[in-house]
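Read through the structure below, which is laid out as structure tokens, and then see the notes.
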Amino acid sequence: MANTVIIGAQWGDEGKGKIVDLLSQHSDVIVRFQGGNNAGHTISVAGHKTILHLIPSGILHPKALCLIGNGVVLDPHVFLEEVDELVKNGVDASSQRLGISYKTHLILPYHKAMDAARESARSKDKIGTTGRGIGPCYEDKAARIGLRAGDLANPDLVRAKIERALSEKNILFTRLYQREAMDAAKVADELLSLAPRLLPYLKNVEEEISCAEQAGKQILFEGAQGTHLDIDHGTYPFVTSSNTVAPNAATGSGVGAGLLTKVTGIVKAYTTRVGEGAFPTELFDSVGEYLQKNGHEYGATTGRPRRCGWLDCVILRASARLNGLTEIALTKLDVLRGLETLKICTSYGYQDQKLDYPPQGEGSLAQVTPCYEELPGFDEDISSVRSFSALPACVRRYVERIEEIVGVHIAYVSVGADREATIVR
Ligand code: GDP
Ligand code: IMO
Ligand code: MG
């Protein structure tokens with residue numbers, strides 16, 4: 001039985017939600033293992049769009065068990081709002097089929113306030129975070145002062161931890177950032193008022209996965225963000241605060257690495273990025289505008305326009321290595337329709353050298369010159385094509401050329417947002 005990890009191979013928004021939803025029909029358990037509601041995963045079924053920020057994208061399949069692992073940072077309000085929205089739309093989001101690990105860290109109002117204070121205090125060096133408190137929550141986890149979902153059963157512990165955290169943070173808020181101090185009792189009261197709704201969702205996630213595995217069930221791990229936003233391997237410091245790469249699916253959900261048998265990298269047929277940071281193939285011309293408009297490239301979480309550019313196979317080669325990709329799902333191929341030529345970045349020029357992999361030093365990716373290969377574009381509407389052989393020859397060539405350069409088989413080609421608009425090879 002293959003247990004699959006799905007990760008973004010670029011800078012996020014590759015279409016992970018669509019592919020997780022698609023593969024969920026053959027999965028029994030779907031697990032989020034990192035990130036939080038900085039993610040925005042869009043699922044489109046028969047024209048109806050659902051955007052999920054926290055709850056795994058498998059939730060639309062009635063038989064799947066959806067779990068939020070220890071590696072996630074969870075905003076309790078966002079979780080409950082998402083549950084309510086799903087229920088409103090007739091989806092079962094009860095604790096029978098949705099669970100949160102006892103060890104999942106909670107995002108509190110002071111994390112969001114700290115995220116905002118830091119970003120507004122930065123001038124030229126803003127990260128362009130989603131403002132959801134993700135970084136400050138992971139900081140508290142590493143500082144060993146975080147609150148975990150399991151703590152909700154112990155009001156005294158909740159109050160003590162919040163008081164402890166705010167005793168430091170209020171000094172920063174008032175003295176460094178000229179903001180109001182937060183009242184620990186108020187923050188604790190507000191959180192504890194949500195406890196009766198949250199507690200039923202607590203599960204021993206590692207045991208749930210382990211038992212499912214032993215019963216021969218299929219597990220799907222849903223990554224958020226993208227490989228080049230990884231805290232270690234991404235374009236530091238313009239990254240998110242978690243490990244987004246596939247091996248973290250094990251740590252972030254409490255299973256052994258041996259359980260991860262397949263790794264599917266989601267690759268958009270061009271490149272986009274939201275927020276700041278290097279982007280070698282970024283386009284500032286009419287082609288960039290065309291991709292943004294044709295691909296509806298606006299953030300599913302913040303609504304910000306996404307920066308657009310040509311496909312960068314240098315970062316994809318690195319993604320293949322960092323994640324151990326066993327296959328690729330290529331998405332949004334339909335968006336390229338109407339362009340006369342398609343460019344693929346195959347290597348970088350950097351300090352008189354030709355590089356096949358991104359340079360390692362901080363800021364060095366901003367200094368590379370992309371080297372391109374040009375392929376003919378296409379005019380045909382491919383959105384209703386359902387077999388690879390029925391695609392126009394130059395579209396097939398584009399797909400096969402990416403396979404050759406990156407060295408990973410492209411197992412799925414997505415030609416539209418809808419669940420059905422997928423070619424399985
Ligand atoms: P995620 O964060 O990786 O799940 O991706 P997002 O949901 O943020 O962004 C991907 C967007 O592209 C969503 O609006 C999807 O509905 C849409 N999408 C996914 N696959 C395709 C595709 O093959 N073609 C088109 N046109 N849209 C797609
Ligand atoms: P999905 O899962 C694209 C980016 C932010 C910012 C940086 C740090 O939908 O692909 P953070 O709030 O995480 O501290 O912001 O990371 N970012 C994303 N970009 N897709 C995402 O998620 C992202 N999540 C975070 O724009 O540059
Ligand atoms: Mg997204």
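Numbers here are sequence positions counted from 1.
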For the residue pair D312 / Y348, report whether a side-chain donor-acceptor contact shorter than 3.5 Å exists. yes
Under 3.5 Å, is there a donor-acceptor pair linking the side chains of H53 and D75? no
Heavy atoms of other groups near K112 NZ, more than 12 under 6.0 Å: yes
Without hydrogens or angle criteria, can the side chains of K343 and T281 be said to hold a donor-acceptor pair below 3.5 Å? no
Heavy atoms of other groups near E207 CD, more than 12 under 6.0 Å: no
Side-chain donor-acceptor contact under 3.5 Å, H77 with E190: yes
Counting only heavy atoms from other residues, nucleotides and ligands, does the tally under 6.0 Å from OH of Y236 exceed 12? no
Decide if atom NZ of K126 counts as having more than 12 heavy atoms of other residues, nucleotides or ligands within a radius under 6.0 Å. yes
So H26 and L220, side-chain contact (heavy atoms from CB on, under 4.5 Å) or not? Walk me through it. CA-CA 9 Å; H26 310 295; L220 189 65; over 6 Å; no
Where the side chain of Q25 meets the backbone of D21, is there a donor-acceptor pair that is under 3.5 Å apart? no
Nearest 0.5 angstrom please: I382 CD1 to I423 CD1, how far? 6.5 Å
Regarding K203 and S101, is there a side-chain donor-to-acceptor distance under 3.5 Å anywhere? no
Going by an N to O cut-off under 4.0 Å, is there a salt bridge joining E297 and R304? no
If you measure from CG on N248 to CG on L260, what distance do you get to the nearest 0.5 Å? 10.0 Å
Give a yes or no on whether the ring-centroid distance for Y201 and F79 is below 6.0 angstrom. yes
Is a donor from one side chain sitting under 3.5 angstrom from an acceptor on the other, for T240 and Q225? no
Please determine whether a side-chain nitrogen of the Lys or Arg among D140 and K169 lies less than 4.0 Å from a carboxylate oxygen of the Asp or Glu. yes
Is the Lys NZ or Arg CZ of R337 less than 6.0 Å from the centre of F378's six-membered ring, within 45° of the axis? no
Would you check if there is a donor-acceptor pair between the side chains of D230 and N243 at a distance under 3.5 Å? yes
Would you check if there is a donor-acceptor pair between the side chains of S319 and H228 at a distance under 3.5 Å? yes
Are the side chain of Y412 and the backbone N or O of T264 linked by a donor-acceptor pair below 3.5 Å? no
For the atom pair OG (S27) and CD (E222), what is the distance rounded to the nearest 0.5 Å? 10.5 Å
Between R122 and E276, is there a salt bridge with N-O shorter than 4.0 Å? no
Is D334 salt-bridged to K332, cutoff N-O under 4.0 Å? no
Are T346 and C313 close enough, and set up right, to give a side-chain contact (heavy atoms from CB on, under 4.5 Å), and what steps lead you there? CA-CA 5 Å; T346 53; C313 284; 5.6 Å; no
Do you know the tightest heavy-atom contact between P200 and A195? CD-O, 4.4 Å
Side chains of I402 and V408: does their closest heavy-atom pair fall under 4.5 Å? no
Do Q34 and I7 have side chains that approach each other closer than 4.5 Å (heavy atoms only, starting at C-beta)? no
Compute whether any side-chain donor of one residue and acceptor of the other, for S120 and R179, lie under 3.5 angstrom apart. yes
More than 12 heavy atoms of other residues, nucleotides or ligands under 6.0 Å from NZ of K63: yes or no? yes
Rounded distance [0.5 Å steps], CD in E213 versus CG in D28: 11.0 Å
Cation-pi geometry met for R273 and F279 (6.0 Å, 45°): no
With distance as the sole test, does S414 use its side chain to make a donor-acceptor pair with the main-chain N or O of T422 at under 3.5 Å? no
Taking the side chain as everything from C-beta on, heavy atoms only, tell me whether Y372 gets closer than 4.5 Å to P370. yes
Pair L52, E82 - check side-chain contact (heavy atoms from CB on, under 4.5 Å), show working. CA-CA 7 Å; L52 294 164; E82 214 157 78; 4.0 Å; yes
Please report the closest heavy-atom contact between A9 and I315, naming both atoms and the distance. O-CD1, 4.3 Å
Any side-chain heavy-atom pair from V31 and V255 closer than 4.5 angstrom? no
From N37 CG over to T130 OG1, what is the distance, rounded to the nearest 0.5 angstrom? 7.0 Å
Run the side-chain contact (heavy atoms from CB on, under 4.5 Å) test on K262 and N3 for me, step by step, so that the C-alpha distance in whole Å, both residues' side-chain angles and the decisive distance to 0.1 Å come before the verdict. CA-CA 6 Å; K262 243 169 100 178; N3 299 309; over 6 Å; no
Using modelled atom types only, decide if a donor and an acceptor are shared between the side chain of N323 and the backbone of V245 within a distance under 3.5 Å. no
So how far is it from R401 CZ to I410 CD1, rounded to the nearest 0.5 Å? 11.5 Å
Taking all atoms of both residues into account, what is the closest heavy-atom pair of G17 and S57, and its distance? CA-OG, 3.7 Å
Would you mind checking if R397 and E404 are paired as a salt bridge, meaning a charged N to carboxylate O distance below 4.0 Å? yes
For the residue pair Y350 and L365, establish whether any side-chain heavy-atom pair is separated by less than 4.5 Å. no
Should D13 and K268 count as an ion pair when the cut-off is N to O under 4.0 Å? no
With a 4.5 Å cut-off on side-chain heavy atoms, are N38 and T129 touching? no
